[in-house]
2 protein chains.
Amino acid sequence: MRDTRSRTFVTAQMVAERAGVSRSAVSRTFTDGASVSDATRRKVLEAAAALGYHVNHLARVLRERSNIVCLVVADMTTPIRARMVDVLTSKLQAAGKITMVINTETDTGSVSSALKQTLNYRADATVVLSGTPPASLIETCLANGQQVILINRDDGLVGSSNLGVDNAMAGREALFLLRRAGCQRLGLIASTARTASLMERKRVFVEAAAAEGMSVTITEAGPTTYQSGQEAARRLFGRSQAPDGVFCVTDLLALGFMDTARLEFGLRIPEDLCVVGFDDIEQAGWQSYQLTTFAQPLDIMADAVVELLLNPGLGDGSRRIIEPIPVWRRSVRPAAG
Amino acid sequence: MRDTRSRTFVTAQMVAERAGVSRSAVSRTFTDGASVSDATRRKVLEAAAALGYHVNHLARVLRERSNIVCLVVADMTTPIRARMVDVLTSKLQAAGKITMVINTETDTGSVSSALKQTLNYRADATVVLSGTPPASLIETCLANGQQVILINRDDGLVGSSNLGVDNAMAGREALFLLRRAGCQRLGLIASTARTASLMERKRVFVEAAAAEGMSVTITEAGPTTYQSGQEAARRLFGRSQAPDGVFCVTDLLALGFMDTARLEFGLRIPEDLCVVGFDDIEQAGWQSYQLTTFAQPLDIMADAVVELLLNPGLGDGSRRIIEPIPVWRRSVRPAAG
DNA sequence: TTGAAAGCGGTACCAG
DNA sequence: CTGGTACCGCTTTCAA
């Protein structure tokens with residue numbers, strides 16, 4: 001007689017006994033396209049319902065793929081991150097995957113141990129949203145038959161699939177917008193984080209400005225936060241020759257920057273100061289801000305991830321760059337007369 | 001000779017063969033407190049490193065607990081939700097748990113299937129942040145030895161552990177703050193969502209007002225979003241006798257409300273209008289808002305979840321209510337002369 | 001269609 | 001300390 005203590009999961013064995021059939025019959029009942037007679041199926045389903053049985057997917061994994069996808073992410077409270085996680089989890093779910101979230105710091109050590117966890121749980125794939133894993137570990141994941149998908153990370157990591165937004169385009173367009181608005185003195189608000197995407201936006205903006213013979217005042221006041229944006233504004237407007245056109249590499253920076261430019265320095269936007277952001281977080285559309293920015297097409301990116309997961313062959317060193325979408329609001333003047 | 005195709009995970013067997021020891025030796029090497037000679041351990045570790053071996057935690061689960069915790073959540077982009085998920089995942093991780101996120105709609109059907117997933121993956125526990133699962137399903141989880149922890153949900157669900165913030169206190173204190181500021185005409189901005197927490201804040205606020213002989217204008221303009229807050233302001237200030245003291249059951253509502261009150265109706269806060277929110281999302285502290293509100297002590301709540309997980313005995317129908325923390329900022333006048 | 005048995009990757013127990 | 005073996009829960013041959 002089998003132990004019936006309730007502190008344990010119901011197994012197929014128990015269901016079989018109760019239904020008076022074999023374990024195999026139970027298994028077949030819950031396997032698509034297996035042949036079971038209606039009578040058996042009915043008996044099994046009834047017993048399963050009575051006992052509260054649910055197939056153990058973890059045991060199933062010993063023979064097949066796990067359908068587990070790990071999401072390695074840091075700073076989940078950041079609006080753009082939250083949206084990424086949201087969109088990804090729901091699309092992955094729709095594709096029959098289950099998501100494990102590993103909340104990590106962005107330093108290499110933390111990301112490495114996150115990747116190892118991923119291996120421990122036999123995830124079919126790992127999606128990295130934050131930090132940059134060492135190449136050797138990616139190698140290991142690949143050797144274990146695990147896909148690695150990097151989003152907005154440094155590219156050039158062999159074997160991994162890379163997915164990112166076109167940062168160069170954003171830098172270029174931001175300059176175009178500010179120039180067209182007639183801005184004379186350009187500023188760039190970046191952060192002390194050395195993320196590849198952020199660096200790229202900065203680099204291209206500065207180069208494009210140089211190409212037109214303009215210099216750019218660069219301010220990096222701290223991490224990529226609202227507060228750093230505020231701090232940047234204080235540094236910039238506390239002295240003469242402050243810029244009248246600014247590209248913030250992130251919306252969060254932009255919103256902090258706008259708030260103190262307006263409330264502490266009495267500047268009017270866009271009359272005295274034009275601001276361009278990046279990400280199109282929800283707050284950028286709020287009435288107090290109306291920030292002109294570039295949207296990351298998260299849906300498209302998530303779809304691309306799912307596609308990569310479904311056709312593992314496609315990836316392996318591929319790189320897909322997606323165009324950000326300019327979102328016109330009111331923090332930049334229309335073309336100057 | 002074993003197949004060495006790289007499209008599969010490395011197993012203990014392979015490591016054993018390469019190291020010239022038994023599977024048991026490999027297992028012991030990776031098990032705390034097992035006895036292995038230094039020589040064997042070294043051989044094993046070396047082989048493991050060479051092959052890129054990682055213990056399969058899923059297989060381990062067949063004998064022990066899974067250490068998997070499922071988080072059932074909807075609206076992850078909402079700042080307060082994002083923070084909850086963030087805090088929970090990192091504390092759970094620190095406690096040696098791994099988090100599976102199930103992104104669901106809040107309707108009962110979706111939550112039910114989420115709970116079933118949870119069972120399929122043998123999660124030790126399920127933490128429900130959104131929606132209300134049917135009692136029968138909670139029963140099933142419990143019968144399978146799985147803990148169910150509900151956060152800010154309707155209580156009275158037997159067997160589950162409940163954790164929530166003291167909504168009544170918030171309603172009461174909000175009224176006190178507005179009265180003390182000398183507000184004469186009270187308003188309440190709620191949403192069309194019928195969540196228990198939201199309803200409770202509303203009920204208590206209205207009752208407390210009634211106890212002092214004051215009536216409250218209630219506005220429910222849509223879901224619990226920034227936009228609904230805006231819409232509520234338009235309805236309220238588009239007519240005479242508009243309130244001069246308002247409790248918004250959520251910060252998001254409050255911020256939308258403030259923006260249109262100020263920018264569309266020219267009201268000054270707190271001179272013409274006092275506003276109190278709830279949640280203390282990051283944006284509430286931004287310079288444009290400076291919203292007086294109540295913070296959900298997320299750290300404490302997450303700690304409580306971990307504690308419940310570590311001592312499963314404690315839970316089972318327990319209910320723990322945590323006091324929200326008043327956060328004074330500038331959207332409410334100090335005590336009226 | 002059905003049940004018996006093997007095997008997936010690990011751990012725990014046992015004898016040596 | 002070590003290797004052999006049984007078993008965890010499930011799916012999949014294989015015979016019947």
Side-chain angles (χ1 to χ4, degrees), chain A residues 2-3 5 7-44 47-48 51-68 119-124 144-146, chain B residues 2-3 5 7-44 47-48 51-68 119-124 144-146:
Chain A
R2 223 193 154 75
D3 184 2
R5 75 213 130 93
R7 303 267 65 184
T8 197
F9 283 92
V10 177
T11 73
Q13 175 71 272
M14 302 181 195
V15 177
E17 280 169 16
R18 181 171 177 130
V21 299
S22 69
R23 287 208 309 287
S24 317
V26 177
S27 173
R28 278 192 282 260
T29 302
F30 292 102
T31 314
D32 284 344
S35 57
V36 214
S37 69
D38 274 355
T40 334
R41 152 168 279 120
R42 217 160 5 82
K43 276 191 290 183
V44 170
L51 259 28
Y53 171 71
H54 292 259
V55 177
N56 184 341
H57 283 190
L58 262 28
R60 182 132 72 176
V61 166
L62 293 188
R63 335 190 98 260
E64 314 159 30
R65 336 189 60 211
S66 67
N67 282 327
I68 294 175
L119 255 12
N120 284 330
Y121 282 94
R122 285 337 188 222
D124 294 341
N144 276 282
Q146 187 182 70
Chain B
R2 223 193 155 74
D3 184 4
R5 74 212 130 94
R7 302 267 66 183
T8 195
F9 283 92
V10 177
T11 73
Q13 176 72 270
M14 303 181 194
V15 177
E17 280 167 18
R18 182 172 176 128
V21 298
S22 68
R23 286 211 308 290
S24 315
V26 176
S27 173
R28 279 191 284 260
T29 303
F30 292 101
T31 315
D32 284 344
S35 57
V36 214
S37 69
D38 275 354
T40 336
R41 151 167 282 121
R42 214 156 13 77
K43 277 192 289 184
V44 170
L51 259 28
Y53 170 71
H54 291 258
V55 176
N56 184 341
H57 284 190
L58 263 30
R60 187 137 65 179
V61 166
L62 293 188
R63 332 190 102 260
E64 313 159 31
R65 338 187 59 212
S66 68
N67 281 326
I68 294 175
L119 254 11
N120 283 332
Y121 281 94
R122 281 349 186 212
D124 294 341
N144 276 283
Q146 187 181 71

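Keep in mind that the numbers below use all heavy atoms, side chains included, and drop hydrogens, waters and symmetry copies. Every chain is numbered from 1, with letters handed out A, B, ... down the list of sequences.
- The phosphate of C/dG10 has OP1 or OP2 within less than 4.0 Å of a side-chain N or O from B/Tyr53.
- The distance between atom CG of B/Asp38 and atom C1' of D/dT2, rounded to the nearest whole Å, is 15 Å.
- Computed from coordinates, the B/Glu17 CD to D/dG3 C1' distance equals 14 Å when rounded to whole Å.
- For A/Arg60, a side-chain nitrogen or oxygen approaches OP1 or OP2 of D/dT11 to under 4.0 Å.
- The backbone N or O of B/Val10 lies less than 3.5 Å from a partner atom in the side chain of A/Asn144, making a donor-acceptor pair.
- Across the protein-nucleic acid pair, A/Asn120 atom CG and C/dG10 atom C1' stand 13 Å apart, rounded to whole Å.
- Applying the side chain to side chain donor-acceptor pair (under 3.5 Å) rule to A/Ser37 yields the partners A/Thr40; only residues at least two apart in sequence or on another chain are considered.
- B/Met14 and B/Phe9 make their closest contact through CE-O, 3.7 Å (heavy atoms, listed as atom of the first residue, atom of the second, distance).
- Heavy atoms of A/Val36 sit under 4.0 angstrom from primed sugar atoms or phosphate atoms, though from no base atom.
- Pairing each heavy atom of B/Ile68 with each of A/Leu58, the nearest pair is CD1-CD2, 4.1 Å.
- Counting non-hydrogen atoms under 4.0 angstrom, A/Ser37 reaches the backbone sugars and phosphates but no base.
- Taking atom CE on A/Met14 and atom P on D/dC10, their separation rounds to 9 Å, with Å as the unit.
- The shortest heavy-atom contact between B/Arg28 and B/Ser35 is CD-O, 3.7 Å.
- An OP1 or OP2 oxygen of D/dC1 is reached within less than 4.0 angstrom by no side-chain nitrogen or oxygen of B/Thr40.
- Between the CG atom of B/Leu51 and the P atom of C/dG9 there is a distance of 13 Å, rounded to whole Å.
- Between the P atom of C/dG10 and the CG atom of A/Leu62 lies a distance of 9 Å, rounded to the nearest Å.
- Using a 4.0 Å heavy-atom distance criterion, A/Arg122 is classed as a sugar-phosphate-only contact.
- If A/Phe30 and B/Ser22 are placed on DNA chain D by their nearest nucleotide, the residue sitting closer to the 5' end is B/Ser22.
- Between B/Ala48 and B/Phe30 the shortest heavy-atom distance is CB-CZ, 3.9 Å.
- Put simply, the side chain of A/Ser27 never gets that close to the backbone of A/Arg23: no donor and acceptor are under 3.5 Å apart.
- Taking atom NE2 on B/His54 and atom P on C/dG10, their separation rounds to 12 Å, with Å as the unit.
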Close N or O pairs between protein and nucleotides 12-16 of chain C (under 3.5 Å):
| unit_1 | atom_1 | unit_2 | atom_2 | d |
| --- | --- | --- | --- | --- |
| C/dA12 | N6 | B/Ser24 | OG | 3.4 |

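- Put simply, CD on B/Gln13 is 9 Å from P on C/dG9, counting in whole angstrom units.
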